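Below you'll find the structure, written out as structure tokens, and then a few comments.
Just so it is clear: chains get the letters A, B, ... in the order the sequence lines come, proteins before strands, and each one is counted from 1. Not measured: the values here are computed from a predicted model.
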Amino acid sequence: MNCRAANLVVLGILGTVLSFGVPIAGGQAPQPRRTETVPAGNIENGKKRFQAHGCVSCHSFSGQGGAGARLAQNPITFQAFMNYVRKPKGSMPAFGSQVTEAELADIYAFLKSIPPSPDPKTIPLLNQID
Amino acid sequence: MNTMSNPEQNNSEQNNSEQSSVGRRKFLQLAASAAAMAGSSTAMSAQQETPARQAEITVNEPGALPPVRAGSDFMLDVMKSLGFEYVAANPGSSYRSLHESTINYGMNRNPELLTCLHEEAAVAMAHGYFKIEGKPMAVYAYSTVGLQHAAMAVYSAYCDRVPVILFVGNDTDAMKRVSRTDIVHTAQDPVAIVRDFTKWDDAPASHGHFAESAVRAYKIATTPPTLPVVLSVDKYLQELPLPEGANLRIPKLSPTLPPQGDYAAVKEIARMLVNAEFPVLAVERAARTPAGLKYLVELAELLQAAVVDTIQRMNFPSRHPLNQNDGRGPDLSVISEADVILALEHPLLQSVVNAGGEEGSPSRSRLTPGAKVISISSLDLFTRSNYQDFGRYQEVDMALAADAEATLPVLIEEVKRLITSDRRRVIEARGAKLAEASRRRMERNRVRATYGWDDSPISTARIAVELWAQIKNKDWSLVSRSDAMNGWPHRFWKFEKYYHHIGQSGSVAIGYSAPASVGAALANRKYGRISINLQHDGDLMYLPGVLWTAAHHRIPMLTIMHNNRAYNTEVMQVQQIAGQHHRDIGRCRIGTAIEDPNIDYAKLAQSMGWFAEGPITDPKDLGPAIRRALAVVEKGQPALIDAVTQPV
Ligand SMILES: Cc1ncc(C[n+]2csc(CCOP(=O)(O)OP(=O)(O)O)c2C)c(N)n1
């Protein structure tokens with residue numbers, strides 16, 4: 001990654017932290033509001049739309065983050081998710097109306113369907129680093 | 001190109017080309033008359049024998065004629081006196097005599113000719129080699145066209161403060177230019193194209209002048225700030241036989257000691273550092289040699305100072321508790337805590353001290369009021385105008401125009417002298433806090449590495465961790481860009497020795513990493529180190545021919561592809577702009593993706609003589625593939641694993 005990319009990364013993460021309140025390191029995240037009705041999304045289609053809209057280049061194929069924030073398993077509300085994608089902060093491009101509500105519901109369903117990452121203690125290689 | 005095998009040889013177009021048989025006969029006549037003039041023959045290899053040549057040069061019986069001592073033989077003696085191990089080159093007739101002297105007169109030893117398939121690769125190999133070996137590699141280049149190809153890599157070496165010594169052949173005398181090729185491959189001042197990003201150049205007019213200028217070039221290039229230099233070497237001066245009894249002398253190289261900082265100023269800096277509540281060392285190319293690394297560790301530990309390292313050189317151990325770089329770039333938050341910042345060889349200090357400023361937004365100072373900024377840099381002794389790599393202007397409280405590495409021993413002694421037991425208590429408390437922060441960073445990174453651990457395409461974290469498990473008990477060296485694969489190696493690998501990484505390109509030019517890694521791996525070879533190249537796909541495809549050079553010269557190295565099938569950094573750039581323009585972000589892989597067809601890097605490498613496996617998409621296959629490839633590398637061969645990866 002070059003310097004310009006590094007700048008993008010920093011801005012992207014900052015933007016995400018401000019808006020989602022979710023540190024990339026996976027700290028305590030706010031819980032979804034119980035009253036929210038989340039449209040039923042199609043996971044398979046969400047996966048395809050996540051790629052088609054180019055989200056993968058910063059967030060990776062399963063939303064695990066990279067230059068951008070980790071989205072997988074990210075328990076922000078659907079409404080907050082939709083608002084952020086349409087009008088983000090930092091260097092993330094604003095999708096505005098490029099992505100429909102139905103597509104966003106599918107992508108949201110896809111991201112929520114990603115299984116949690118394993119506990120580092122269960123990965124021997126990560127414990128033999130020293 | 002071999003004319004014998006060229007099916008288009010009889011085209012009328014060819015009559016005007018350098019490959020035409022007429023052109024070739026002229027060349028041979030010329031060679032024969034030059035030989036006659038010299039009372040000998042020009043040496044031509046057996047491969048170049050043709051019926052025409054045999055007819056024209058019948059006098060050339062082996063052993064019948066005494067050997068000629070050519071000007072280029074003397075030039076090679078000069079080069080030998082400078083201790084070059086290698087000369088990297090792509091062949092071209094403007095330096096054919098130097099070429100021939102290197103292989104036949106010098107018997108291809110010190111320097112040994114490295115066959116490069118592009119001039120840019122030749123210079124980038126020299127660039128990578130220097131950062132391991134600590135001494136310059138020579139490069140031969142073919143006048144205008146060769147130097148134009150080389151220019152990009154010369155610029156990288158310049159930005160990275162790396163000395164590369166180029167010898168560029170040139171047909172200076174118009175009366176001697178015979179063919180179209182001679183004519184278009186000549187310039188009045190060929191070095192003009194790289195003058196803005198080299199430290200010195202000359203065009204010697206005699207053999208004696210060559211000797212002085214070559215020794216001077218070496219001296220200038222290796223005096224901090226170390227930078228590339230160029231000699232334009234007249235083709236006929238190379239080819240001219242030396243007169244019998246010519247009294248030519250090779251001047252002795254008298255290396256220049258780099259300047260130490262003014263002693264009174266150094267004492268004052270030591271006082272400020274010892275009394276500081278939170279000193280920070282900001283380093284870019286502070287460690288020029290292994291000694292620099294040792295001094296930096298000693299200074300940082302004496303002060304328990306946070307170190308902000310841009311990993312442009314192996315300045316500081318990656319997992320040292322005082323290191324503030326967690327692999328994604330230095331954590332600059334410590335700058336806001338600092339009351340004294342000592343910047344060492346840091347041209348981009350302005351962007352350390354200030355936040356923002358990207359994309360036209362105003363920058364704001366990170367400094368707390370009253371914080372003092374000090375700079376020690378040899379760059380203050382040499383600045384060029386045109387290219388803006390010197391960075392934005394940064395106000396400092398004290399600037400020493402001196403070599404940081406040469407100044408550190410005096411500074412360390414002064415710091416030692418000034419530390420009282422009271423100060424020691426403050427220093428230790430500071431160190432404990434920084435060590436705790438470092439431990440927490442490591443734990444966070446361990447958690448981050450689990451994200452997408454089993455994903456396909458493979459995560460870059462997984463590659464770094466799998467690889468580390470297999471190299472950590474070996475003598476290894478990372479020869480690619482130090483920030484490759486999203487900086488994951490820096491989060492986990494223990495970079496401790498000077499050769500553990502070679503920094504970056506300097507110019508942020510893509511296409512640097514592959515050839516530089518081959519040059520660095522070549523330098524590592526004689527020490528028996530395992531060279532690791534984390535290779536981004538886009539970077540490799542600028543100069544893929546360098547794979548052949550590595551195989552041809554039996555340079556052992558393990559290359560693992562970061563094959564995200566894109567210029568992903570540029571995908572993100574175009575996406576950002578599409579967002580700003582309120583246009584389709586999904587279309588931004590047009591012009592940035594490297595897919596359809598996907599490149600088969602294993603086949604590419606195999607076709608050039610490498611052991612290679614892949615594409616590997618399942619992370620579970622990675623560990624065994626690394627094991628097999630390492631076994632090949634340990635036998636002295638290059639090996640490549642094509643890992644299909646996540647975008648970042
Ligand atoms: C010589 C040169 N040309 C173009 C660029 C612009 N550029 C910056 S990053 C990049 C893509 C690099 O692709 P790759 O090496 O595959 O790494 P990735 O971004 O995918 O991690 C390009 C083309 C550059 N920096 N240097």
Side-chain angles (χ1 to χ4, degrees), chain A residues 1-13 23-27 49 51-68 70 72-73 85 87-88 90-99 114-130, chain B residues 319 328-329 348 351 358-359 442-457 459-460 462 465-466 468-469 472 483-484 486-487 492-494 505 508-510 536 564 566 568-573 575-580 582-589 592 623 646-648:
Chain A
M1 189 181 15
N2 69 8
C3 282
R4 273 191 300 154
N7 293 339
L8 277 176
V9 172
V10 173
L11 286 171
I13 291 165
I24 191 166
R49 300 321 296 158
Q51 281 188 39
H53 283 292
C55 314
V56 297
S57 50
C58 296
H59 298 285
S60 94
F61 283 90
S62 57
Q64 297 290 357
R70 182 176 188 235
Q73 291 277 310
V85 172
K87 209 170 168 215
S91 64
M92 174 164 159
F95 280 79
S97 58
Q98 288 182 35
V99 48
I114 309 281
S117 299
D119 183 331
K121 292 197 188 73
T122 65
I123 301 175
L125 286 182
L126 279 177
N127 295 291
Q128 295 157 13
I129 275 171
D130 294 315
Chain B
R319 299 265 301 278
R328 309 192 85 184
L348 304 190
S351 46
E358 295 99 11
E359 321 283 342
M442 180 68 182
E443 287 321 305
R444 275 202 302 274
N445 281 331
R446 236 189 275 269
V447 172
R448 281 178 187 152
T450 66
Y451 302 165
W453 181 257
D454 291 315
D455 277 4
S456 173
S459 79
T460 45
R462 176 89 184 239
V465 175
E466 292 275 357
W468 178 237
K472 65 181 180 185
D483 64 344
N486 201 19
F492 293 138
W493 300 12
K494 282 188 170 170
S505 63
V508 199
I510 308 301
H536 292 219
N564 57 13
N568 195 62
T569 308
E570 293 300 320
V571 179
M572 296 188 290
Q573 291 282 350
Q575 285 180 328
Q576 196 191 0
I577 283 298
Q580 273 179 35
H582 304 161
R583 290 197 281 248
D584 194 344
I585 296 159
R587 288 168 59 81
C588 295
R589 285 179 73 82
T592 52
Q646 292 289 336
V648 175

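- At a 4.5 Å heavy-atom cutoff, the contact between D584(B) and chain A is made by backbone and side-chain atoms alike.
- For the side chain to side chain contact (heavy atoms under 4.5 Å, CB included) test, residues two or more places apart in sequence or in another chain that qualify with A469(B) are L125(A).
- Checked by atom type, the side-chain pair S57(A)/Q575(B) shows a donor-acceptor distance below 3.5 Å.
- To the nearest 0.5 Å, atoms CD (Q576(B)) and OG (S91(A)) are separated by 5.0 Å.
- The contact between E466(B) and chain A is made by backbone and side chain atoms together, counting heavy-atom distances below 4.5 Å.
- Pairs passing the side-chain hydrogen bond (donor to acceptor under 3.5 Å, both in side chains) check and including a residue from residues 116-130 of chain A, sequence neighbours excluded, read R70(A)-S117(A), D130(A)-R319(B).
- Among D454(B), N445(B), V465(B), the residue with the largest count of heavy-atom pairs under 4.5 Å with chain A is V465(B).
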May I have the step-by-step check of side chain to side chain contact (heavy atoms under 4.5 Å, CB included) for D455(B) and F61(A), ending in yes or no? CA-CA 9 Å; D455(B) 277 4; F61(A) 283 90; 6.0 Å; no
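- The candidate from P115(A), P116(A), G96(A), C58(A) with the greatest count of non-hydrogen atom pairs under 4.5 Å with chain B is C58(A).
- Considering every non-hydrogen atom in both R328(B) and G66(A), the closest pair reads NH2-O, 2.5 Å.
- Summarising the geometry of A94(A) relative to I585(B), their closest heavy-atom pair is O-CD1, 3.6 Å, with the distance given to 0.1 Å.
- For I123(A), the part sitting under 4.5 Å from any heavy atom of chain B is the side chain, from C-beta outward, and nothing else.
- The heavy-atom pair separating R446(B) from P120(A) by the smallest distance is O-CB, 4.2 Å.
- Heavy-atom neighbours of K472(B) NZ from other residues, nucleotides or ligands within 6.0 Å: above the threshold of 12.
- Looking only at heavy-atom pairs under 4.5 Å with chain A, the residue among R587(B), R583(B), K494(B), R589(B) that has the most is R583(B).
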